[in-house]
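Heads up: the structure comes next, in structure tokens.
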Amino acid sequence: MEHPENDEKYIGLTVNSGVTQPPSVNPYLQKRPRRKPLPAASELVDGILKGDVTMLSRAVTLVESLSPDHQTVAQEVIEKCLPFSGNSRRVGITGVPGAGKSTSIDVFGLHVLKDGGKLAVLAIDPSSERTKGSILGDKTRMEKLAIHPSAFIRPSPSAGSLGGVARKTRETIVLCEAAGYNNIFVETVGVGQSETAVHSMVDFFLLIQLAGTGDELQGIKRGIMEMADGIVINKADGDNIGPAQLAQAQFRSALHLFPPTASGWSPEVLTYSGYYELGIAEVWDMIDRYFDFVKANGYFDIKRREQARYWMYESIDEHLRANFYNNPAVASLLRENEAEVLANRRSSFIAARDVLDYYFNHTFNSLTK
Ligand code: GDP
């Protein structure tokens with residue numbers, strides 16, 4: 001194209017033709033594989049609805065990603081998968097490390113898959129960020145399921161707060177269900193707040209216990225025991241059968257002290273051995289009975305609706321917090337105020353009010369601009 005600058009009458013600088021691009025000095029650079037382009041939401045949704053595991057995994061990766069571009073696609077995929085979700089049994093499984101969760105999930109999973117269908121094993125492990133690797137949901141921990149063609153195992157999302165990790169797992173459930181997974185297990189370590197998060201996304205909450213784990217530990221478990229729809233005492237094999245039965249009796253009498261459950265279901269206590277595969281069918285019969293019971297009395301739908309509402313507010317909370325704390329101006333104001341509060345020069349409440357005032361004034365102004 002003619003440049004007006006090249007006109008003879010033009011008195012400014014002239015444009016010379018450029019030099020040609022030299023060949024790459026490092027031949028290996030060209031061979032480097034290019035990053036896969038971001039798939040379109042419709043492509044992912046089509047794949048998921050066909051049960052394509054690669055597409056499902058890619059969509060889950062986007063759900064877990066912190067990048068805003070990825071989140072935009074992920075949210076569109078979730079929205080489109082939502083009408084195809086919900087048709088599954090969601091079972092939460094918790095227990096302290098060493099209780100035998102992975103061994104048990106391996107055999108419970110195979111038991112469930114005997115009747116056909118598909119199983120997704122997800123996990124919530126808020127500690128995985130600290131340990132720089134996920135403890136739960138690791139494929140190598142569930143050897144038989146890992147090679148089963150109808151099982152999809154996904155480790156815990158790692159980044160972020162418990163709320164963020166839990167929200168991602170909740171969204172992954174939607175994708176898995178749309179992909180035809182009619183059994184969902186959500187595993188978590190029974191040591192903290194994560195049980196509450198899991199409880200809020202499953203239909204049945206299974207607590208794996210061990211015989212003879214000291215009174216102090218059982219005390220911590222009280223809150224968790226109240227959430228459990230079934231308590232199962234693992235490792236009831238060999239010399240441990242007697243102690244396991246004793247623990248069963250103790251748990252049964254402890255459960256009598258709890259108030260009646262909202263579902264009307266009386267939580268049951270069973271013993272089994274995941275390793276020797278004893279009593280597995282009995283545990284699963286209990287879970288089947290629970291589903292029959294809550295579907296008959298309507299609690300199944302009530303709970304799902306309550307959970308949907310809970311996740312709406314959780315999602316709002318999470319996004320508000322992220323929007324607030326990720327704002328660079330707020331972050332620096334927080335640092336300043338924190339130093340003042342620590343030095344006893346400002347009250348916590350005045351500091352909080354000032355930072356919030358700044359946030360409300362400036363963020364809302366910029367939103368309406
Ligand atoms: P997790 O940390 O809860 O996932 O527990 P694991 O499934 O990794 O099990 C912890 C240990 O307990 C492993 O060494 C298992 O082999 C053992 N274990 C698991 N289930 C049983 C069982 O039913 N009986 C016996 N004796 N050992 C078991």
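Numbers here simply count residues along the sequence, with the first being 1. Every number for a ligand or one of its atoms is a count from 1 in the order of the listing. In this text the structure is predicted, and so the values were computed from the model without any measurement.
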Hey, can you pull the donor-acceptor pairs under 3.5 Å for the side chains in residues 331-338, sequence neighbours left out?
residue : atom : partner : partner atom : Å
S332    : OG   : A329    : O            : 3.3
N337    : OD1  : R346    : NH1          : 2.6
N337    : ND2  : L333    : O            : 2.9

Out of all atoms in ligand 1, which are within 4.0 Å of some heavy atom of [X]? Include the element for each.
{"X": "G274", "value": "23 (O)"}
{"X": "S102", "value": "4 (O), 6 (P), 7 (O), 8 (O)"}
{"X": "V96", "value": "3 (O)"}
{"X": "P97", "value": "2 (O)"}
{"X": "S273", "value": "22 (C), 23 (O), 24 (N)"}

Polar atom proximity, [X] to ligand 1 (N or O, under 3.5 Å):
{"X": "N234", "result": "yes"}
{"X": "G98", "result": "yes"}
{"X": "T103", "result": "yes"}
{"X": "Y276", "result": "no"}

Less than 4.0 Å is my threshold; does some heavy atom of D106 fall inside it relative to ligand 1? no
Any heavy atom of A99 sitting closer than 4.0 Å to ligand 1? yes
In terms of side-chain geometry, is the basic nitrogen of [X] or [Y] positioned less than 4.0 Å from the acidic oxygen of its partner?
{"X": "D106", "Y": "R141", "result": "no"}
{"X": "D288", "Y": "R89", "result": "yes"}
{"X": "E314", "Y": "R170", "result": "no"}

Quick test of your reading of the structure: of D237, L278, I105, whose heavy atom lies closest to atom 24 (N) of ligand 1?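 The residue whose heavy atom sits nearest atom 24 (N) of ligand 1 is D237.
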Measuring from atom 3 (O) of ligand 1, which candidate in E277, R141, K101 has the nearest non-hydrogen atom?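 Nearest heavy atom to atom 3 (O) of ligand 1 lies in K101.
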State which residue, out of T188, D125, T169, fulfils the side chain to side chain donor-acceptor pair (under 3.5 Å) condition with S194. T188
Taking side chain to side chain donor-acceptor pair (under 3.5 Å) as the criterion, tell me which of R154, K168, H70, Q71 meets it with E64. R154
Does the plane of the ring in F205 sit parallel, tilted or perpendicular to the ring in H199? Use 30° and 60° as the thresholds.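 Plane angle over 60°, so perpendicular.
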Once the angle between the rings of Y290 and F204 is folded into 0 to 90°, is it parallel (under 30°), tilted (30 to 60°) or perpendicular (over 60°)?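 Aromatic pair Y290/F204 classed perpendicular.
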Using distance alone, with no hydrogens and no angle criterion, decide if E79 and Q75 have a side-chain donor and acceptor under 3.5 Å apart.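 On atom types as modelled, these side chains do not qualify, holding no pair under 3.5 Å.
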